[in-house]
Structure formats: C-alpha cells, structure tokens
Peer 1: 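Please read through the structure below; I'll follow up with questions.
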Amino acid sequence: MHIHHDKHHAAYVKNVNDALAGLEQFNNPPDGEAGVTIEQLLGQLDQVPESVRTKVRNNAGGHVNHSLFWQVMSPASGGTLRLPQGDLATVLNSTFGSFEKFIELFSTAALSRFGSGWVWLVRDSGKLTIMDTPNQDNPLMDKKIPILGLDVWEHAYYLKYQNIRADYIKAWWNVVNWSEVERRFKEVKK
Ligand code: MN3
C-alpha cells in the first residue's frame, strides 16, 4: 500500500498536473469564478482539449479514484469489528437482500472485472448499485457518485497476493472503513 500510494498514486498526480499545466481555464479561473474541482472535471471531460483529453481522463481519474480508496480504508476498522450501521445498513439490506449478499455481489464484480479497473458502490438516480469501470475511469464520468471503491489493477495486489485477486478482495473487506462510507452515503443523500 505504501508503494501503491507513494509511486502509483503520485504518478497520476504528477501526470494530471502536467496535462493541465498550459490550460488557463483549469488553472486560473476568471475573477469571481470558483474554478473547477478535480471531481467536477471528471464530469466535463468533453471540455478538455482533445490533445490532452485521454491523459487527463486517465490521470485525473487515477487521482480521484485513489483519493477515495485511501479514505475508505483504515486499520482494524472493518470485517467483523464494525459493520455498516444506520441508513446505509438499511439500504444495503433492502437493495441487495442482506449485507452478506452485497459482499458476495461486490466481490464477484471485483473478480470478474477483466484486466485493469475498479469496482464501485455508487449512488445512481437515488439507488445504490454496484458497477465496475475500466482503467482509471470513475463513476462520476457517467454522473454516478461513488461511495466505496476497490482497485483491482494488478499493481494493487501483485506484490502481496501475486495473481490471486480473490485473496486480495477477501482480505480487503477487513480494512473497509464503514464510517467513511456512511459519511459519503449521507453526503449524496442530501
Ligand atoms: Mn492503483
């Protein structure tokens, strides 16, 4: 996770800054305008010049994805120590049948994602759904709001789990920070 953060995530940050460096509209908004957050940028990639659009998509996506990823994990916070509570628990149960069923469906999506990508729990038109994205795409590119995300690129697990993605996914549930997921769920309910 240290290498993942210090090398992989850092590279996305550097690359998106490089890609946006010459673009005044994303760096120096006119007086009185608030500018564009990196999350907003993901929803308006069509406004990025075509010459750097793919680079911005991949690296802004990489930054936003990993920023969420670190926040939805914490040591000894998940697993059986602390399960989702409150409204999130209620909605997970009503949407997926049970918490265990949600874990099973999310894990299957994570295992089935071919190649590099991510699996997400998203808010979509008032509902919670599981989706996956290729590369560093983020649900915000499709107007969906992620509240939980799992990196299933090989770089996320190869050093510790080699090619056994299933073991990585299983272990990851032990460090999911449900308090943070609940906080994000409340935010998108507003
Ligand atoms: Mn990664």
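Counting convention: from 1, in listed order, for ligands and their atoms alike. Treat the numbers as computed from the prediction; the structure is a model and nothing was measured. Starting from 1, each residue takes its place in the sequence as its number.
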Peer 1: Who are the side-chain hydrogen bond (donor to acceptor under 3.5 Å, both in side chains) partners of K55, not counting sequence neighbours?
Peer 2: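 Checked K55 against side-chain hydrogen bond (donor to acceptor under 3.5 Å, both in side chains); zero matches.
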
Peer 1: Could you pull out all residues at least two apart from K143 that satisfy salt bridge (Lys or Arg N to Asp or Glu O under 4.0 Å)?
Peer 2: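 Result, salt bridge (Lys or Arg N to Asp or Glu O under 4.0 Å) vs K143: none returned.
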
Peer 1: Among side-chain atoms of W173 and S107, is any donor-acceptor pair under 3.5 angstrom?
Peer 2: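 Distance-only check passes for W173 and S107.
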
Peer 1: Side chains of R57 and Q136: do they bring a donor and an acceptor to under 3.5 Å?
Peer 2: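 Not at all, the side chains of R57 and Q136 share no donor-acceptor pair under 3.5 Å.
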
Peer 1: Salt-bridged, K101 to E104, with N to O below 4.0 Å?
Peer 2: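 Yes, charged N to carboxylate O under 4.0 Å.
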
Peer 1: Please list, in chain and residue-number order, the protein N/O/S atoms closer than 2.8 Å to the Mn ion (ligand 1).
Peer 2: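 You should have found H4 NE2, H66 NE2, D151 OD2, H155 NE2.
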
Peer 1: What pairs with R123 under side-chain hydrogen bond (donor to acceptor under 3.5 Å, both in side chains), at least two apart in sequence or on another chain?
Peer 2: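 Testing R123 for side-chain hydrogen bond (donor to acceptor under 3.5 Å, both in side chains), a comparison that skips the adjacent residues, returns none.
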
